[in-house]
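Take a look at the structure set out below.
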Amino acid sequence: MTYTLTTPLYYVNDKPHLGSAYTTLACDALARFHRLCGEQVTFVTGCDEHGQKIQRTAEAAAVSPQQHCDAISRSYQDLWDRWQISHDAFIRTTDPRHQQIVNQFFARVEASGDVIEGRQQGWYCVACEEFKDDAPEADAPQCPIHQRPLEWRDEVNLFFRLSRYQKEIEALIQRPDFILPISRRREVENFVAQGLRDFSISRRHVPWGLPVPGHDGHTFYVWFDALLGYLTALLPADAPAELEQLAAHGWPAQLHVIGKDILRFHAVYWPAMLMSAGLPLPERVFGHGFLTREGQKMGKSLGNVLDPDVLLERCGRDAVRWYLLRDIPFGDDGDFQQQRFTDLVNNDLANTIGNLLNRTSSMARRWFDDSVPSAAGARDSSHPLAVAAEQARTDVIAGFEAMDFRRAAEATLQLAISANGFLNDQAPWSRMKQDGQRDAVADDLYAVLEATRWIALLLAPLLPDLSARMLDQLGLPPLPPGGPWLPLLSWGQLPPAAPLPEPTPVMARLELETPL
RNA sequence: CGCGGGGUAGAGCAGUCUGGUAGCUCGUCGGGCUCAUAACCCGAAGGUCAGGAGUUCAAAUCUCCUCCCCGCCA
């Protein structure tokens, strides 16, 4: 069973922002989950590096487009390294292999009779790399997204005959799981229902692009070549890049995760292009929401941009991952609120989970010779915490399968809450003072330690770092990245009498003195 | 203009399809405990469910109207 998933290939216009990090983090959690379940995962990310916008940005910075792309693309790779993103492939559309794939793909599309010449007239937004629908006679129209003047274009371009795929696309987007979340499907349906129009796939006078074979002076429209990056990414670097090899390397993808703004490209244009080239279609496109900050759109003009770099440095991987994935329903728009961020991280991670491990380990070490107490009834699957753990496992798995990170996170938390409650009810600190209670206390502490082992395991896809620290604190070996995970999730596997390391807090509380 | 989503406690959300004590998380307040990272456990306060009209024994939930936010329309 193989599982291929992709982030968007990020446009290298500027350094990475939090939105890109959000998408990538979510994919990372998904990729880790599927690996832990024993699947062969290919997690693709990368950069989209062509187009007039890049060219101009480079010019403005007085560097060559290639230098510009190298630098920005480098910053993406660095950032993902620091976030410990577990991607298997990082594709750059300036990779020479990519040109080969684009050429082969274009040849197929052309052979299908889906490429025609047409004259494109209209107002163009370079920032969007898109033609807009403003009337030709419009006076100095502006891009509604970028608030920048549109440029008038009148040129002969190559067009992809999207209109031929009306029926197929209509059928495709009706598939229940193709566009997720379903709330976004209607938008696409609406768009398709208006009738699909052919779209231009080449530009003239844009030297920073891949040349279109057989059409001098044309370069590919950036979106046309960018989407194909998903294919190039899958092919091994040490073999010739051939479309024929894709089936052996994980195509079709099971999932494209994207921001809601580029849903149309992925749910309409891209499948039609693949159909034209005779390639299988991805199974699912998930368009997640956008992040605001304290209720406001993040933007340079407002100066309220949250830099993923700063977030990482000041708060750490676990905190940010937890907040973004546990608190924002994946798919919906979300608001980053610093107060809630620190509240949740401190409550959930430091207090409920971290302190649970800390307090239990302390008691076990103090009264049971620095080791895991031996257990009798606590290893039985009918123990109340065993039952709670089973429930948590079920919910975590269901959560990940539904791409509902929040559900997975809450289920894990719930287990920790149950364990804390159990401790308070049993009050081992009191019972230790009574005669003849030692074995009962041992049993209780064992059960709670075993529950924390489960918590650590269940946290692995979401918070790999914290998970590893918890396992370490329990005296257990690190989790092998490819699993097996499920076999470890059976009650009573924590070895009794094993030594417990001296406890140190696995999760520090966040104390942010100043705004992020 | 058209289409779609939304307006529920201080904050973020669920509940609306299949009317009938308005629920969750965080925050706030009170109590308990003392093993632990000022932590953990228990409890409480806090809502005219955007506004108006209607249907009904009964409306956050159904109908109509109004206001406000947000998204889509290459």
Side-chain angles (χ1 to χ4, degrees), chain A residues 120 122-125 128-134 144-145 159-160 162-163 181-201 221 223 259-265 267-269 287 289-290 292 294-295 297 323 326-329 331-368 406-407 409-410 413-414 416-433 441 444-445 448 452 473 503-511:
Chain A
Q120 177 108 4
W123 293 102
Y124 192 79
C125 173
C128 300
E129 296 282 15
E130 246 179 31
F131 278 94
K132 301 290 174 182
D133 259 358
D134 297 57
I145 298 167
F159 279 71
F160 173 72
L162 180 65
S163 55
I182 21 134
S183 54
R184 297 212 196 289
R185 195 163 89 192
R186 188 139 350 182
E187 265 172 29
V188 179
E189 281 171 1
N190 245 313
F191 171 77
V192 172
Q194 293 167 43
L196 294 175
R197 313 208 294 256
D198 297 341
F199 71 96
S200 74
I201 56 169
Y221 172 45
W223 264 109
K260 61 182 183 176
D261 54 329
I262 53 175
L263 187 52
R264 205 178 66 215
F265 290 99
V268 179
Y269 295 16
F290 283 163
T292 51
E294 313 292 345
K297 204 175 264 188
Y323 178 62
R326 119 105 219 225
D327 201 40
I328 297 167
D332 292 2
D333 288 342
D335 190 36
F336 190 104
Q337 297 181 6
Q338 184 163 332
Q339 187 62 53
R340 184 159 172 90
F341 169 52
T342 52
D343 283 346
L344 281 190
V345 168
N346 291 345
N347 263 294
D348 299 346
L349 264 26
N351 298 349
T352 302
I353 292 177
N355 183 56
L356 170 68
L357 174 54
N358 198 256
R359 70 196 292 215
T360 314
S361 177
S362 297
M363 287 187 274
R365 281 171 52 90
R366 178 170 312 167
W367 302 319
F368 297 94
R406 185 193 230 200
R407 182 170 169 198
E410 281 174 355
L413 238 201
Q414 192 50 54
I417 291 171
S418 301
N420 272 316
F422 179 80
L423 271 185
N424 280 50
D425 290 344
Q426 301 306 115
W429 49 89
S430 310
R431 296 176 85 181
M432 270 315 275
K433 294 172 188 157
V441 169
D444 290 344
L445 292 182
V448 177
T452 60
Q473 192 99 130
T504 52
V506 290
M507 185 73 201
R509 298 168 59 83
L510 273 181
E511 316 274 357

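Order of the sequence lines fixes the chain letters, A, B, ..., with proteins taken first and strands second; residue numbering starts at 1 for each chain.
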Gap between atoms [atom1] and [atom2], on [X] and [N] respectively (whole Å):
X: A/Arg184; N: B/C73; atom1: CZ; atom2: P; answer: 13 Å
X: A/Asp425; N: B/G32; atom1: CG; atom2: C1'; answer: 12 Å
X: A/Leu413; N: B/C24; atom1: CG; atom2: P; answer: 16 Å
X: A/Leu263; N: B/C3; atom1: CG; atom2: C1'; answer: 16 Å
X: A/Met432; N: B/C35; atom1: CE; atom2: C1'; answer: 11 Å
X: A/Phe290; N: B/G71; atom1: CZ; atom2: P; answer: 10 Å
X: A/Asp332; N: B/G6; atom1: CG; atom2: C1'; answer: 11 Å
X: A/Glu189; N: B/G2; atom1: CD; atom2: P; answer: 20 Å

Show me the dot-bracket string of RNA chain B, counting Watson-Crick or G-U pairs under 3.5 Å, with | for pairs to another strand and [ ] for crossing ones.
.(((((((.[[[[.)....(..]]]].(((((.......))))).....[[[[[..)....]]]]]))))))..
Using the six-membered ring wherever Trp is involved, compare the ring planes of A/Trp223 and A/Phe265 and label them parallel, tilted or perpendicular (cut-offs 30° and 60°).
parallel
Could you check whether the rings of A/Tyr269 and A/Phe199 sit parallel, tilted or perpendicular, using 30° and 60° as the cut-offs?
parallel
Is the backbone of A/Gly289 close enough, under 3.5 Å, to the side chain of A/Asp333 for a donor and an acceptor to pair up by distance?
no
Under a 3.5 Å distance rule, please check whether A/Gln426 uses its side chain to pair with a backbone N or O of A/Val441 as donor and acceptor.
no
If you assign each of A/Phe191 and A/Asn424 to its closest nucleotide in RNA chain B, which residue comes earlier from the 5' end?
A/Asn424
Hey, which sits more toward the 5' end of RNA chain B by its nearest nucleotide, A/Glu410 or A/Ala416?
A/Glu410
Hey, is the side chain of A/Arg509 poking within less than 4.0 Å of OP1 or OP2 on B/A38, counting only N and O atoms?
no
A/Asn190 side-chain N/O to B/G71 phosphate OP1/OP2 under 4.0 Å
no
Taking atom [atom1] in both [N] and [M], compute the distance separating them and give it to the nearest angstrom.
N: B/C70; M: B/C13; atom1: P; result: 15 Å
N: B/U48; M: B/A38; atom1: P; result: 38 Å
N: B/C26; M: B/A44; atom1: P; result: 16 Å
N: B/G20; M: B/C62; atom1: C1'; result: 14 Å
N: B/G43; M: B/A50; atom1: C1'; result: 33 Å
N: B/C49; M: B/G10; atom1: P; result: 13 Å
N: B/U61; M: B/G52; atom1: P; result: 12 Å
N: B/G46; M: B/G6; atom1: C1'; result: 24 Å

Of the listed nucleotides [options], the one nearest the side chain of [X]:
X: A/Gln337; options: B/C26, B/G12, B/C35; answer: B/G12
X: A/Asn358; options: B/U37, B/C26, B/C35; answer: B/U37
X: A/Arg264; options: B/C40, B/G71, B/C73; answer: B/C73
X: A/Ser430; options: B/C26, B/G4, B/U34; answer: B/U34
X: A/Ile417; options: B/C41, B/C26, B/U37; answer: B/C41

State, to 0.1 Å, how close [X] and [Y] come at their nearest heavy-atom pair, and which atoms those are.
X: A/Arg184; Y: A/Leu263; value: CB-CD2, 3.7 Å
X: A/Gly354; Y: A/Val506; value: CA-CG2, 3.7 Å
X: A/Phe131; Y: A/Gln120; value: CD1-NE2, 2.6 Å
X: A/Ile328; Y: A/Gly334; value: CG2-CA, 3.8 Å

Report the C-alpha distance between A/Asp335 and A/Arg340 in whole Å, list the side-chain angles of each, state the deciding distance to 0.1 Å, and finish with yes or no for salt bridge (Lys or Arg N to Asp or Glu O under 4.0 Å).
CA-CA 10 Å; A/Asp335 190 36; A/Arg340 184 159 172 90; over 6 Å; no
Using a heavy-atom cut-off of 4.0 Å across all strands, would you classify A/Val188 as base, sugar-phosphate, or nothing?
nothing
Do the side chain of A/Asn420 and the base of B/C41 come within less than 3.5 angstrom through a donor-acceptor pair of N or O atoms?
no
